[in-house]
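This report refers to the structure that appears directly beneath it.
Since we're looking at a predicted model, the values are computed, not measured. For the single chain, residues carry numbers from 1 onward in sequence order.
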Amino acid sequence: MTPTWFTEERIEALEVEAASWVGTPFAANSSAKGLGVSCHTLAGALYAAVGWGDILIPDVAISHARFGENSLADPFFDAMAERFTQLPHDSEILPGDALGFRIGRIVHRLGTALRNGRFIHALEGLGATVSTTEDATYRSRLTTIWRPAP
């Protein structure tokens with residue numbers, strides 16, 4: 001198994017921090033708890049809050065999934081290769097893993113894995129919410145797992 005930065009104490013901190021974001025409305029390219037957050041900025045805020053480090057998250061056009069030809073997540077994580085290990089989509093998911101989901105033709109949804117097959121993400125209309133990787137919608141769209149390196 002690929003090692004991860006997340007220890008039991010850090011996983012507990014991630015669970016608590018994730019719960020504090022649930023219900024935050026969706027707002028593109030924002031990361032203000034209780035006010036507005038998007039899927040990629042939520043992941044960055046969670047990693048920073050549990051001490052993994054700040055990640056400079058680039059802005060993403062909301063229409064990119066519909067009209068873009070290439071994922072913006074792939075080159076972002078490729079550039080962060082010293083901090084994340086890319087795994088196949090059928091690898092075991094561990095708490096703290098970043099999960100890439102296909103929307104349209106490209107990876108355009110990012111979630112952060114929690115315990116027990118759950119993950120937190122932000123959706124238009126729902127805001128920050130917790131879902132399960134067992135949900136058929138997400139299971140069929142999961143394309144990549146990025147594990148924070150120890």
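Here the shortest heavy-atom pairing between T41 and S31 reads CB-CB, 3.7 Å. The shortest non-hydrogen separation linking S38 to A28 is CB-CA, 4.1 Å. Across every non-hydrogen atom of F119 and T133, the tightest pair is CD2-CG2, 3.7 Å. Of all heavy-atom pairs between V37 and A122, the closest is O-CB, 3.9 Å. When all heavy atoms are compared, the tightest approach of H89 to I145 is O-CD1, 3.7 Å. For the pair G36 and A27, the tightest heavy-atom approach, listed with the atom from each and the gap, is CA-CB, 3.7 Å.
Scored by the salt bridge (Lys or Arg N to Asp or Glu O under 4.0 Å) test, E134 finds R139 as partners (sequence neighbours excluded). Among residues two or more places apart in sequence or in another chain, the side chain to side chain donor-acceptor pair (under 3.5 Å) test is passed with R118 by E15. Every residue two or more places apart in sequence or in another chain was checked for a salt bridge (Lys or Arg N to Asp or Glu O under 4.0 Å) with R10, and none qualifies. Applying the ring-ring contact (aromatic ring centres under 6.0 Å, His included) rule to Y47 yields the partners W52, F84; only residues at least two apart in sequence or on another chain are considered. Every side-chain contact (heavy atoms from CB on, under 4.5 Å) that E8 has, sequence neighbours left out, goes to I11, R115.
With T132 contributing its side chain and G117 its backbone, the two residues share a donor-acceptor pair below 3.5 Å.
The side-chain hydrogen bond (donor to acceptor under 3.5 Å, both in side chains) contacts involving residues 16-25 comprise E17-W21, E17-K33, S20-K33, where partners must be two or more places apart or lie in separate chains.
Contact check for N116 versus L114: no side-chain heavy atoms found under the 4.5 Å cut-off. Contact of the L110 side chain with the W146 side chain is registered, since non-hydrogen atoms from C-beta on lie closer than 4.5 Å. Residues V130 and V22 are in side-chain contact: their nearest non-hydrogen atoms beyond the backbone lie under 4.5 Å apart. Taking 4.5 Å as the limit, some side-chain heavy atom of P148 sits within range of a side-chain heavy atom of D97.
Under a hydrophobic-cluster definition in which Ile, Leu, Val, Met, Phe, Trp and Tyr are linked whenever side-chain heavy atoms come within less than 4.5 Å, directly or via other members, Y138 and L126 are assigned to the same cluster.
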Steps toward side-chain contact (heavy atoms from CB on, under 4.5 Å) verdict (H40, N29): CA-CA 8 Å; H40 63 293; N29 301 308; 3.1 Å; yes
Stepwise side-chain contact (heavy atoms from CB on, under 4.5 Å) check, T112 with L42: CA-CA 8 Å; T112 305; L42 176 59; 5.8 Å; no
Trace of the side-chain contact (heavy atoms from CB on, under 4.5 Å) decision for H121 with T129: CA-CA 6 Å; H121 56 133; T129 189; 3.7 Å; yes
F101 vs T137, side-chain contact (heavy atoms from CB on, under 4.5 Å): CA-CA, chis, key distance, verdict: CA-CA 10 Å; F101 297 93; T137 299; over 6 Å; no
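Atom CZ of residue F6 and atom CG of residue L14 lie 5.0 Å apart, to the nearest 0.5 angstrom.
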